[in-house]
Amino acid sequence: MLNADVVAALLWTLLLGATYWLTLDFPPGPAGVPGPGYVPRLLVVVGLVLAVFLFRSGRRGQVEAVNWRAFGKDRLLRAGGVVGLLFLYTLLWGRVHWAVLSTGFLFLVGLVLKLRAPVALATAVGLSVTLYWLFRGVFHVML
Amino acid sequence: MRIHRGLALVLALVMTVFLAGSVSAQYPTRQITVVIQAAPGGVSDITARTVASLVEKELGVPVIAVNRPGAAGALAMSYLSRQAPDGYTFGYVPVELSMVRTLGYGDVGPDNLDLLAQAVSVPAAVTVRADSPWTTLQDLIDYAKANPGKIRVGNAGPGSIWHIAAGALERATGVRFTHVPFDGASPAVASLLGGHIEMVTVSPTEILPALQAGEVRVLAVMDRERSPVIPDVPTLAEVGVPGVVVSGWGGFAAPKGIPADVRAKLADAIAKAIQSPEFAEMAASRGMTVAYKPGEEFAAFAQEQYEMFAELIPALGIVQ
Amino acid sequence: MALLAEALQAVFEPTTLLYLLIGVGAGVLIGALPGLTATMAVAILTPLTFWAPPAQGLAMLLGVYNSAIWAGGIPAILINTPGTPASIASTFDGPAIAQRGEAGLALGINTIYSVFGGLFSTLLLAIFAFPIARFALRFGPAEYFALAIFGLSMMVSVSGKSIVKGLIVGVFGLLLSMVGLDPMLSYPRFTFGRFELLDGISFIPVMIGLFGVGEVLDQILKSREEQTRIIPRIGRQLPTRQELARMGPAALFSAAVSAVIGAIPGAGGDIASIICWDQTRRLSKKPQEYGKGSIEGLAATCTANNGVIGGALTTMLTLGLPGDSVTAILLGSLIMYGLQPGPLLFRDHADMAYVIIALMVLAYVAILIVGLGASRVLVRAFMVRKEVVWTAVLILSTVGSYAINNNPLDVWFMFFAGILGLVLRQYGYPLGPLVLALLLGPMAESNFRRALTAAGDAGAWVFVTRPISLILLILAALSLVAPIIQQRRKARQGGVTVQP
């Protein structure tokens, strides 16, 4: 039975494997003292034990299934839209003037969240301008 | 990464050509940014901000401090080297400028920047507990020679200047210490007082309260001159170990290639700031020695240090 | 005594008081906005204190810290959304009280008991900090390692329903905390050759992502329309004498317990208030009311989340050990003022220790006045639509993450932490162990290796031959095993494990 816990246990094992593989390059410590790789490898071992537990409890089927559909198409679309916009925003960070980028981002987020267009625009402009002034002007952050 | 650097270079060239004739005549006309390589707070930040506010008065335009911490300052220093050389961006450069390339934290060294002036210097102080059997440096060296690895030396972190100080002393006297890195100088001092280690090599300010309480003994400072914070303590050369000078220093630098007249104006303002009474007061309150050096002298010194560290750091076993 | 007089003089200067009030005011705004945490509040104000003398800078930071934690309870009561993670447990009872028309009383309880908890823990700080600091000089690397392990062992008790899932999140956090230069040899681990990663994954952007963006996304998925019900009326604020008598034992219990919890590294206001809520329910005469609008339950949680502050400050000031993300930032600020926290602070700068205590007391006086005076205005502020609040949290999270280091990479950390926060929440993985691991992982590892470096021939025996270290390790083992045994036993008895 392939449920969330079983999948998580497998992904976790993969991650631990990759971590272990990366530690192979680490230099050994001085005599008698653990080096940079010691604690990470220890953690990989502990992690594997935990993976076994998670896998077993998953096989036994004691999982509360997360029913994404239960949230409803509407809310999923909204959350997905926000994640997508945030991704674009992060991607464009530093490439477009901050105040312009932020206004656009916030306006679109407002629309995705089903705010009325004037409210969304007012929120976007208000927040961007205030924060730009606050962080750029008062805190000297390089926005 | 490489493309970015190339682009920045091209942009910088274009900007230089474009700006050289027009702007430098009445420099400065707009706000100047000073890039600080450390987090807000701490010695570097205070030093740079004090100078920034004095330069602001001198040049009559706002001087804004921006902190870009990371990778022992390498991020900020290589960022600085990529900025337009128009005099509107300069930065604080600490001793790490001569270290980070060897340490592998970033590809930047004294040769990537136009050094404007050295500002401060903080020597390493060889310190032991007052109830320890060593009253002179020679005692300590004799003991260490007879018992290799028995003396545990606390420092402010692997590859930190205080780690390298202990390493340099080790090499110069032919002994072997056990180096114990801490997360900063103060925990190392606390550990010394608690009897968990035998010795520290840190700045005089860090040990001053314990020294006044009579709990530690400073055997030597690793500088050419005695420290004004602890004037009774001899230098290494005075106690028979000449030629080992390890101190934390800091100064100011700009991207390479700024027009000569702009550079002169900026360096002049910085020099005035460093030699002002306000700066002296700040330095004294933080236990630093004001050690002004003009640009060329500073550049030569930084290069000399760069070569020394390039040899010392791999010997300490912290290089990749 | 002369030092105390000097400290009071420094505190009662008009500029210091002004800084304190600005701090308290900013704390109300930031703490009361869901998604903006006390951590963020302190982080945002820190740059403003660079140029101020230590007493004034601390006035602002302590003011904002205490007041943000208190104000976090306001939205917890009014809109069922904790303003900061420390107020999570205030949503168990607060909204129900407000919905039955006693919003004013709920807000009054929040203010009065936050002040009570805060002052109680400040008193403990004043009594115990000096002896602890003297004692802490005996702590070497072995003891600090044992202390960190003790803190990390709390992972099990903050794991909630699934200990296995909690521990997996914890191990994941520990691995994340290994990114960057290793603490003993400066070898770059898991950095993939990027210089930006040498200092590791920035803690604050990850926190902002997990708790700011992750929470917003979670709320978008789960929000119900009725959550925005308008509070019918505010009503009286001050509890009656009978009510005070009823809440008394719960509040006293919470104050004492939370101060101890606060002193344990890694356990913060959220954990303390959940534990106190649960424990006072067992002691209460009316446990059936808990979760349905019990004033005792609310008083316990409100006392507990401010009650941890004195304990957390004690650990941070005496051992130089940040127990949570806020004290981590405060620690940085103190270093900036030239005051390195640790055993030496109380000896070399004893006057500052008194200043901190005096400022804590004054901050709570200010909170009491603001809290009881302005709650009507605060209620009005929550008529803002939640979509607008979400938008504000999204933008503040990004700017806040970037502003700490001026580093765009931190915005990416925040983004991925936000997604991670959402996914972990959906699949029942608790976030508490992750925070603990990120905070204490570096300390545990570096002191482990440091102790072995300094031990020489003694080797790993240092951890068990030194009494303080041994005791702490035994305590860690107990707190690791006890909840597991407890859960097993409950499962065998066929009971359900109830964890809020």
Side-chain angles (χ1 to χ4, degrees), chain A residues 4-5 8 12 15-16 19 22-23 26-27 29-30 32-40 43-44 46-47 50-51 53-54 57 64 66 68 71 75-76 78-79 82-83 86-87 89-90 93-94 98 102 105-106 109-110 113-115 119-120 123-124 127-128 131 135 138-143, chain C residues 44 47-48 161-165 167-168 171-172 174-175 178 182-185 187-190 192 213 216-218 220-223 385 387-388 390-392 394-396 398-400 402-403 406 408 411-412 414-415 418-419 422 426-429 441 444-445 448-449 452-453 455-457 459:
Chain A
D5 280 3
W12 174 234
L15 183 76
L16 291 172
T19 308
L22 283 171
T23 66
F26 292 2
V33 180
Y38 184 87
V39 177
L43 289 171
V44 167
V46 176
L50 292 167
F53 275 108
L54 187 66
S57 80
E64 302 164 45
V66 183
W68 289 89
F71 294 129
R75 290 207 196 103
L76 279 176
R78 281 199 227 176
V82 170
V83 170
L86 192 61
F87 178 79
Y89 182 57
T90 314
W93 183 279
W98 189 84
S102 301
F105 165 66
L106 291 178
V109 167
L113 293 175
K114 302 247 167 86
L115 284 174
V119 179
T123 314
L127 281 170
S128 307
L131 288 177
F135 279 88
V138 183
F139 301 145
H140 303 317
V141 170
M142 295 190 294
L143 289 177
Chain C
I44 287 175
L48 291 183
K161 275 185 225 159
S162 168
I163 290 175
V164 171
K165 285 184 178 177
L167 290 178
I168 285 180
V171 171
F172 177 65
L174 286 172
L175 285 172
M178 307 278 142
D182 106 271
M184 290 292 114
L185 298 175
Y187 182 80
R189 296 189 289 193
F190 313 116
F192 306 100
V213 173
V216 166
L217 293 174
D218 195 56
I220 292 175
L221 283 178
K222 292 182 180 160
S223 72
R385 296 193 55 174
E387 285 85 356
V388 176
W390 291 339
T391 326
L394 284 176
I395 188 80
L396 278 164
T398 27
V399 183
Y402 177 74
N406 283 306
V411 185
W412 281 110
M414 196 273 321
F415 175 76
I419 308 288
L422 175 71
Q426 303 313 318
Y427 288 99
Y429 291 84
E445 192 205 2
F448 174 63
R449 293 169 58 190
L452 288 175
T453 305
D457 302 333

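Lettering follows sequence order; numbering is per chain, from 1.
Within the model, atoms CG of C:Leu394 and CG of A:Leu113 stand 7.5 Å from one another, a figure rounded to the nearest 0.5 Å. Rounding to the nearest 0.5 Å gives a distance of 13.0 Å between OH of C:Tyr402 and OG1 of A:Thr90. To the nearest 0.5 Å, atoms OG1 (C:Thr398) and CG (A:Leu131) are separated by 8.5 Å. Atoms CD1 and OG, on C:Ile395 and A:Ser102 in that order, are 4.0 Å from each other to the nearest 0.5 Å. A distance of 15.0 Å separates CG of A:Leu106 from CH2 of C:Trp390, quoted to the nearest 0.5 Å. Rounding to the nearest 0.5 angstrom, the gap separating the OG1 atom in A:Thr23 from the CZ atom in C:Arg189 is 10.0 Å.
Interface check for chain A: of the options C:Asp218, C:Leu174, C:Val399, C:Ile163, the most heavy-atom pairs under 4.5 Å are formed by C:Val399. When each of A:Val119, A:Leu86, A:Thr123 is scored by its heavy-atom pairs under 4.5 Å with chain C, the top score falls to A:Leu86. Highest contact tally toward chain A, considering only C:Thr391, C:Ile168, C:Leu452, is held by C:Ile168 [criterion: heavy-atom pairs under 4.5 Å]. In terms of heavy-atom pairs under 4.5 angstrom with chain A, the leader among C:Val164, C:Val213, C:Leu422 is C:Val164. When each of A:Val82, A:Leu76, A:Val46, A:Leu50 is checked for heavy-atom pairs under 4.5 Å with chain C, A:Leu50 comes out on top. Here A:Leu54 is the residue among A:Val44, A:Leu16, A:Leu54 with the most heavy-atom pairs under 4.5 Å with chain C.
Interface residue C:Tyr429: only side-chain heavy atoms are found under 4.5 Å from chain A. Of the two parts of C:Ile419, only the side chain, counted from C-beta on, holds a non-hydrogen atom closer than 4.5 Å to a non-hydrogen atom of chain A.
Smallest separation of non-hydrogen atoms from A:Val39 and C:Phe448: CG2-CD2, 4.1 Å. In terms of heavy-atom proximity, A:Ala79 sits nearest to C:Leu217 at O-CD2, 4.1 Å. What you find for A:Val83 and C:Phe415 is that their closest heavy atoms are O-CE1, 3.7 Å. Closest non-hydrogen pair, A:Val33 versus C:Arg449, comes out as CG1-O, 4.0 Å. When every heavy atom of C:Ile220 is checked against every heavy atom of A:Arg75, the shortest pair comes out as O-CD, 3.1 Å.
Contact of the C:Tyr427 side chain with the A:Asp5 side chain is not registered, since no non-hydrogen atoms from C-beta on lie closer than 4.5 Å. With a 4.5 Å cut-off on side-chain heavy atoms, A:Tyr89 and C:Val411 do not count as touching. Looking only at side-chain heavy atoms (C-beta outward), A:Trp12 and C:Val171 come within less than 4.5 Å of each other. Between A:Pro36 and C:Met178, every side-chain heavy-atom pair lies at or beyond the 4.5 Å cut-off.
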*Would C:Val388 and A:Leu127 satisfy side-chain contact (heavy atoms from CB on, under 4.5 Å), going step by step from the backbone distance to the final call?*
CA-CA 10 Å; C:Val388 176; A:Leu127 281 170; 5.8 Å; no
*Decide yes or no on side-chain contact (heavy atoms from CB on, under 4.5 Å) for A:Phe26 and C:Asp182, but give the supporting numbers first.*
CA-CA 10 Å; A:Phe26 292 2; C:Asp182 106 271; over 6 Å; no
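Between C:Trp412 and A:Phe87, the two ring planes are perpendicular [angle over 60°; tilted spans 30° to 60°].
Within a 6.0 Å radius of CZ in A:Phe53, no more than 12 heavy atoms belonging to other residues, nucleotides or ligands are found. With a 6.0 Å radius and a threshold of 12 heavy atoms from other residues, nucleotides or ligands, A:Tyr38 has its OH atom at or below the threshold.
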